[in-house]
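Note that the structure is predicted; figures quoted are calculated from it, not measured.
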Amino acid sequence: MTSVKNVIRYAILFAAVILFAGLLAKQSWSLYKAIFHESGGAWLDLGDIVGLMLNYIFLIPLMFVLFGERRKYILVIVFLIPILLFEWGSSSLFLMQDLVLAMLGFVIGLVSRFVATKILGKMPRFESWKKYF
């Protein structure tokens, strides 16, 4: 029964990542253009797709480490491999950006999970939330 609950949990997490990545794609592409001075002057505007990929790379480690169970680290690697293989063919700058985004999401997820388990779990008001972390 717990394996079914874990599969459902990870399916919901994956759906949430795709939803949030899609909703924030345009904003993250605008931020990317502002930081790296990308013109995006192609005849086909792929800014939303690039923003979706950047958000996906950041949110998968963040959400899975924060809300995941036992196999969370393996699943993070499994879900990031297709994007990293896609980026492998491009320049090393894009690959390094993706790795930095993934590591940033991973570290923020670890810190958030630590705060949630050590601090929120000891506060009586948040005791009922302890089962989610």
Worksheet item: Are the side chain of Ser112 and the backbone of Gly109 linked by a donor-acceptor contact shorter than 3.5 Å?
Response: no
Discussion item. Tell me whether Leu62 shares a hydrophobic cluster with Val76, the cluster being built from Ile, Leu, Val, Met, Phe, Trp, Tyr side chains joined at under 4.5 Å.
Written reply: yes
Discussion item. Which heavy atom of Ala102 sits nearest to which heavy atom of Leu80, and what is that distance?
Written reply: CB-CD1, 3.9 Å
Discussion item. If you count heavy atoms of other groups shown closer than 6.0 angstrom to CD1 of Ile74, is the number above 12?
Written reply: no
Item to complete: Hey, could you give me the CG/CD1 distance between Leu101 and Ile60, rounded to the nearest 0.5 Å?
Response: 13.0 Å
Discussion item. The criterion is side-chain contact (heavy atoms from CB on, under 4.5 Å); which residues satisfy it with Leu104, sequence neighbours excluded?
Written reply: Phe58, Ile108
Worksheet item: Within a strict 4.5 Å, meaning less than it, do heavy atoms of the Phe79 and Phe64 side chains meet?
Response: yes
Discussion item. Going by the rule side-chain contact (heavy atoms from CB on, under 4.5 Å), which residues pair with Ile18 if we only count those two or more places apart in sequence or in a different chain?
Written reply: Phe14, Tyr56
Worksheet item: Out of curiosity, Ile77 CD1 to Leu84 CG, how far, rounded to the nearest 0.5 Å?
Response: 10.0 Å
Worksheet item: Under 3.5 Å, is there a donor-acceptor pair between the side chain of Arg9 and the main chain of Phe67?
Response: yes
Worksheet entry | Residue pair Leu13 / Tyr10, side-chain heavy-atom distance below 4.5 Å | yes
Response to the item:
dist Leu24:CG -> Leu59:CG (nearest 0.5 Å) comes out at 7.5 Å
Fill in: Ile12 with Val4, same ILVMFWY side-chain cluster at under 4.5 Å
yes
Worksheet item: Closest approach of Leu66 and Arg113, non-hydrogen atoms and distance?
Response: O-NH1, 2.8 Å
Discussion item. Could you check whether any side-chain heavy atom of Leu54 comes within less than 4.5 Å of a side-chain heavy atom of Asp98, counting everything from C-beta outward?
Written reply: yes
Worksheet, complete the sentence: Closest non-hydrogen contact found for Ser28 with Asn55 is OG-ND2, 3.3 Å
Discussion item. Quick check on the hydrophobic clustering: are Val17 and Phe86 connected, directly or via other members, by side-chain heavy-atom contacts under 4.5 Å?
Written reply: yes
Practice prompt. Looking only at non-hydrogen atoms, find the nearest pair between Met53 and Ile83 and report the distance.
Written response: CE-CG2, 4.2 Å
Worksheet item: What residues form a side chain to side chain donor-acceptor pair (under 3.5 Å) with Gln27, not counting sequence neighbours?
Response: none
